[in-house]
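Quantities reported herein were computed from a predicted structural model and do not represent experimental measurements. The sequence lines fix the lettering, A, B, ..., with proteins before strands; numbering per chain opens at 1.
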2 protein chains.
Amino acid sequence: MSTIARALALLDHFSPDHPRLGLTEMMRLSGRDKATVHRHLTALVQAGYLEQAPDTRAYRLGPALTRLADMRRHTVPEIEMVGALIDDLSRVVGELVHVNRLHGFDLIHLCHAEHHNHPVRVSFDATERPPVLATASGRAFLAFSAPEVVAAALADPGTWDRKDAAPDGVAVRETLATIAAHGFAYNRDTLRLGVSSVAIPVFDADGTPVATCSIAYPTGRGGADFRDRLARHLMAFAPKMTVAMGGVVPARVQKIWAAQGNSTKMADQA
Amino acid sequence: MSTIARALALLDHFSPDHPRLGLTEMMRLSGRDKATVHRHLTALVQAGYLEQAPDTRAYRLGPALTRLADMRRHTVPEIEMVGALIDDLSRVVGELVHVNRLHGFDLIHLCHAEHHNHPVRVSFDATERPPVLATASGRAFLAFSAPEVVAAALADPGTWDRKDAAPDGVAVRETLATIAAHGFAYNRDTLRLGVSSVAIPVFDADGTPVATCSIAYPTGRGGADFRDRLARHLMAFAPKMTVAMGGVVPARVQKIWAAQGNSTKMADQA
DNA sequence: GACCATCGGTTCAATTATTGAACCATTGTA
DNA sequence: TACAATGGTTCAATAATTGAACCGATGGTC
């Protein structure tokens, strides 16, 4: 382990429970010598990765981090950032993973990852632009959006499948409420026969949805249990992705996801 | 300079113009040996401060930065406190409000608030690091700093715009004196064409500047009158913020701000 | 008020990790 | 094919890191 790694590891000891750490505490946490820790800390302060309170002499995370994080947000295209992440997810679940963004009321494909463990798998077409309310992604997005957005979506005739009749506003709102309570949306054969999917929103810094992450799989793969397993994967994954994109998961959603991560049974969605 | 500092300095070479850097380029920019740079880069990748594109092998800023910056946001209370304060100010004046800190002689962005009343507004880039003396914030900071700090700033070639000739020490000192007399600094199209700003210092418990608060607006919005209106807003606001951060406004500054708050006409700044 | 513990910080010789010139492998180009 | 440029590796020489001991300040205790 290099000196650099050892020094940077000091930063990892900060947490919401320990926002400020003193020299001795750092020494204890890292298990290294006091002089060494002190040298490292001062180097980090010098570089702006830490700052030291003049009075208590305690250390806390420094301004350089915000600067660099901003820089990362500005310079790293989210597509690539997200690409690496969903690649991992896809590898774990062995299914097709999508990331979509809502542009107007069109779901636009941002990127996808596919690590096929199974002979039977879902094909897809990145150019497709299905009506928002007909997809798990679209519903997941809207379920966590502001009422005005939902209202606008319902008012727009392009959001529901043109083959169907206009969706009943009340029924749709109920579905969205259920989704918001579950923490995720799903879809079984509704858009394309034989294809099911599970979807979850990704948030920006204001806590409003900016994108969705979804897993698509052949319906034959399994029933509610299989679906819920995937949903739990998504609920563990979405916070990571949200953070990577510089966003924040709203507290209420965080709570739901944490709770659902443990439960085994869930109510049906309309 | 410690190994840690040298390694971390590598991260500073990333900019909006150079979001991805290769080994050789890093070597050139840092002026160090290739092997050393490579060691450092891999250490940083290991720690998540950088990530490497698998195909091009180019490096870019990594996810650990977002994580730590978030942690800082959550654990450093002043940021949120200041955030709430400037949010109000921004709402009142209807312009972009910034808070910066001086780290070394770099102005670093702490937070900002933007409540756009106008169709035309100032965009900004939190990653920019302009020369201190070229900004209203920097000059406001230095105008209220100790003579030694000013002398050090003038001695540092990085504090003035490299496109210009070295600033005349006498002229700069005069400008700073004027600013100190006015109670605030301003800037009209000097850093970015079409962008003006007004800035004011925030003090710590010792009465030395710790940060600056500034308002940026499109130059077209108005002339000296408009600018002075914003300045008065700042002079009313800065004491609040200083107090909120546990600082004290020096008596002489307090006097100036109180006086200027009533006057309607002010002399020009160089 | 002397005593002790704890804290942040410093010193300096011993050690250990860092360094960098030279080298290798790969890719793209003339 | 030769050449240049890229990313990466090796290993002896070297320079930086290390840590036991020490200092000064603060704060609680008898």
Side-chain angles (χ1 to χ4, degrees), chain A residues 1-15 17-63 72 75-76 80 83-84, chain B residues 1-15 17-63 75-76 103-104 204-206 208 210 246:
Chain A
M1 201 188 217
S2 66
T3 305
I4 299 159
R6 279 192 297 264
L8 291 178
L10 292 176
L11 300 183
D12 291 331
H13 292 120
F14 289 96
S15 69
D17 294 337
H18 302 113
R20 270 171 282 269
L21 295 171
L23 171 58
T24 312
E25 210 158 355
M26 270 296 195
M27 192 188 101
R28 268 198 278 270
L29 286 169
S30 63
R32 309 198 175 278
D33 185 85
K34 185 164 53 163
T36 305
V37 172
H38 183 251
R39 270 175 56 83
H40 289 179
L41 289 176
T42 46
L44 290 170
V45 169
Q46 193 74 20
Y49 290 70
L50 288 177
E51 55 186 357
Q52 189 173 25
D55 47 347
T56 61
R57 294 192 163 174
Y59 300 89
R60 65 181 182 203
L61 294 173
R72 175 170 151 86
T75 56
V76 177
E80 294 187 34
Chain B
M1 200 188 217
S2 67
T3 305
I4 299 159
R6 281 192 297 265
L8 291 179
L10 292 176
L11 300 183
D12 291 332
H13 292 119
F14 289 97
S15 70
D17 293 337
H18 301 113
R20 269 172 280 269
L21 295 171
L23 172 59
T24 311
E25 211 157 354
M26 271 294 194
M27 193 188 98
R28 269 198 278 270
L29 287 169
S30 63
R32 308 196 176 280
D33 186 84
K34 184 162 55 164
T36 305
V37 172
H38 183 250
R39 271 174 57 81
H40 289 179
L41 288 175
T42 46
L44 290 170
V45 168
Q46 194 75 19
Y49 289 69
L50 287 177
E51 57 187 358
Q52 188 174 28
D55 45 347
T56 60
R57 295 191 162 174
Y59 300 88
R60 64 180 179 207
L61 295 173
T75 56
V76 179
H103 183 257
D204 70 2
D206 300 328
T208 59
V210 276

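We find that CZ of A/Arg28 is positioned 15 Å from P of C/dA5, with the value rounded to whole Å. In this structure, CG of A/Leu41 is placed 12 Å from P of D/dT18, rounded to the nearest angstrom.
Residues B/Thr75 and A/Ser15 approach most closely at CG2-O, 3.8 Å, considering heavy atoms. Nearest heavy atoms, A/Arg72 versus B/Gly62: CD-O, 3.0 Å. Closest heavy-atom contact between A/Pro19 and A/Arg60: O-CB, 3.6 Å.
Residue A/Glu25 is out of contact with every strand shown, counting any heavy-atom pair closer than 4.0 Å.
In the region residues 7-14 of chain B, proximity to DNA chain C at under 4.0 angstrom, judged on heavy atoms, holds for none of the residues.
The distance from atom NZ of A/Lys34 to atom OG1 of A/Thr36, rounded to the nearest 0.5 Å, is 11.5 Å.
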What does nucleotides 10-28 of chain C look like as a protein-contact string, B for base, S for sugar-phosphate only, - for none, at under 4.0 angstrom between heavy atoms? BB-----SSBBB-------
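Using a 4.5 Å heavy-atom cutoff, the side chains of B/Tyr49 and A/Leu11 are in contact. Residues A/Met26 and A/Leu10 have side chains in contact (heavy-atom distance under 4.5 Å, counting atoms from C-beta outward). In this structure, the side chains of A/Arg28 and A/His13 stay at 4.5 Å or more apart for every pair of heavy atoms.
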Taking only distance into account, with no hydrogens and no angle test, what donor-acceptor pairs under 3.5 Å do side-chain atoms of residues 40-48 of chain A form with protein atoms, sequence neighbours excluded?
from    : atom 1 : to      : atom 2 : distance (Å)
A/Thr42 : OG1    : A/His38 : O      : 2.9
A/Thr42 : OG1    : A/Arg39 : O      : 2.8

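The overall bend of the helix from C/dG1-D/dC30 to C/dA30-D/dT1, read as the angle between its terminal helix axes built from five base pairs each, is 30° when rounded to 10 degrees.
Residue B/Tyr59 places no side-chain N or O under 4.0 Å from the OP1 or OP2 atom of D/dT6.
Taking B/Arg32 as the reference, nothing meets the side chain to side chain donor-acceptor pair (under 3.5 Å) condition, with sequence neighbours excluded. Under the rule for a side chain to side chain donor-acceptor pair (under 3.5 Å), the partners of A/Asp12 that lie at least two apart in sequence or sit in another chain are B/Arg67.
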